[in-house]
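Only one structure is covered here, and it is reproduced in the block below.
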2 protein chains.
Amino acid sequence: MSILNPKKELLTELKVIELLKRANLSITAPRKNILSLLLKEHGPFTVEDIIRRLPKNSCDQATVYRCLNQFVESSLVATTFLEKDIARFEFNDPEHHHHHIICKICKKIESLHDCLIDKIEQGLKKKGYQDIEHRLEFFGICAQCTKP
Amino acid sequence: MSILNPKKELLTELKVIELLKRANLSITAPRKNILSLLLKEHGPFTVEDIIRRLPKNSCDQATVYRCLNQFVESSLVATTFLEKDIARFEFNDPEHHHHHIICKICKKIESLHDCLIDKIEQGLKKKGYQDIEHRLEFFGICAQCTKP
DNA sequence: GTATATTTGCAACTCGCTTGCAAAAAACTT
DNA sequence: AAGTTTTTTGCAAGCGAGTTGCAAATATAC
Ligand SMILES: [Mn+2]
Ligand SMILES: [Mn+2]
Ligand SMILES: [Zn+2]
Ligand SMILES: [Zn+2]
């Protein structure tokens, strides 16, 4: 627990435990560390980012992957794939479903607090972005797979 | 050249050569085969799909990857990433920019001829899709990277 | 506290995809 | 059309994010 801000730390810890319980995940050190990290900073973070922020040598990278997959599975965490072969993770607040833009050159990532293509692209142009492209994919369960 | 439809084959061949020239790519057998395949069927196709459709042992998989990357680079081909770690490719007709839906269960992919989220999701529900999610990412060049 | 079930660390492995290099083919030159 | 230069190809080895099998460690249930 931090010496500087014991109260806030404690609140985060309690919230993390509550979230893990609701997700039916047992309370372990790696899970608490990873989830509270994602709760404190917005992200999205690569696994490398996350390990860098975790207490040094506090857990294996396989554990980080396993925990993140479980969090995604139980909707605690959302994923983005802004660069090929690099998954990024952020805490999934269902009230604030949103998307991201990455700069094709410097790879800076920004979160967009909105979800309508044209409107977003107009806003991005005003912000100085050029050569904007988007990728939009849908995922669902088709009629055939619903029937039986 | 096909015995059944020599005219159509010849036209495709000419179109393919024209497209390669416009893209400043030299005219080679693998490039012609891959591009004409993508011109004939809509896709999107994985590299495995493409190799299966190519004349048996007609070229190495490394060549397929290299050609596809060049095609993407010169905007002849568009990519989609509907499943993690699996790239799919289709001919990029700029007049028909569109997106896709994949079934979470059977992985069937459908092309959507439109680009507005709400409208698309309504249409998909009418078609029998359930549990629809989408992924929307933007890519651009940020203000800082534009200046210097 | 003990028994049972779950999770972790480690190292080996998987799998799309990429790459170095010599041989082959295309493009350019005359 | 033949010779020269440049590009592309095939092959096999390599890369790297992510996964997995298993024994030891930890959490949960009783
Ligand atoms: Mn975000
Ligand atoms: Mn399509
Ligand atoms: Zn930038
Ligand atoms: Zn289906």
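Order of the sequence lines fixes the chain letters, A, B, ..., with proteins taken first and strands second; residue numbering starts at 1 for each chain. Atom set for the values below is all heavy atoms of this structure, side chains included, hydrogens, waters and symmetry mates excluded.
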For the residue pair His97(A) and His134(B), does the interplanar ring angle fall in the parallel (under 30°), tilted (30 to 60°) or perpendicular (over 60°) class? perpendicular

So which atom in Thr146(A) and which in Gln130(B) form the shortest heavy-atom distance, rounded to 0.1 Å? CG2-NE2, 3.3 Å

For Lys21(B) and dA26(C), what is the distance between atoms NZ and C1' respectively, to the nearest whole Å? 12 Å

Do Asn92(B) and Phe71(B) have side chains that approach each other closer than 4.5 Å (heavy atoms only, starting at C-beta)? no

Euclidean distance, atom CG of residue Leu68(B) to atom P of dT8(D) [Å, nearest integer]: 15 Å

Length of the line joining Arg31(B):CZ and dG10(D):P, which is rounded to integer Å: 11 Å

Is there a side-chain polar atom (N or O) of Thr28(A) under 4.0 Å from OP1 or OP2 of dA27(D)? no

Rounded to whole Å, the CG-P distance (Leu20(B) to dA26(C)) equals 13 Å

Under 4.0 Å between any heavy atoms, over every strand shown, what does Thr46(A) touch: base, sugar-phosphate, or nothing? Just pick one. nothing

Could you work out, with side-chain contact (heavy atoms from CB on, under 4.5 Å) as the rule, every residue matching Asn69(A), not counting sequence neighbours? none

Length of the CD-P vector between Gln70(B) and dT19(C), whole Å: 12 Å

Whole-Å distance, Glu73(A) CD to dT6(C) C1', equals 17 Å

Listed once per pair and sorted, the ring pair (Phe, Tyr, Trp, His ring centres under 6.0 Å) pairs that draw on residues 26-64 of chain A, sequence neighbours left out: His42(A)-His98(A)

On a heavy-atom basis, the closest approach of Leu136(B) and His99(A) is O-ND1, 3.0 Å

Closest to the side chain of Ser26(B), out of dT8(D), dT7(C), dT9(D), is dT8(D)

Give me the distances for all protein-to-nucleotides 17-24 of chain D N/O pairs that come in under 3.5 Å?
unit_1  : atom_1 : unit_2   : atom_2 : d
dA17(D) : O3'    : Asp85(A) : O      : 3.0
dG18(D) : OP1    : Ala87(A) : N      : 3.2
dG18(D) : OP2    : Tyr65(A) : OH     : 2.6
dT19(D) : OP2    : Asn69(A) : ND2    : 3.0
dG21(D) : O6     : Arg66(A) : NH1    : 3.3

To the nearest Å, give me how far apart CG (Leu54(A)) and P (dG9(C)) are. 10 Å

To the nearest Å, give me how far apart CG (Asn24(B)) and C1' (dT6(D)) are. 14 Å

Answer yes or no: is there a side-chain heavy-atom contact under 4.5 Å between Leu76(A) and Arg22(A)? no

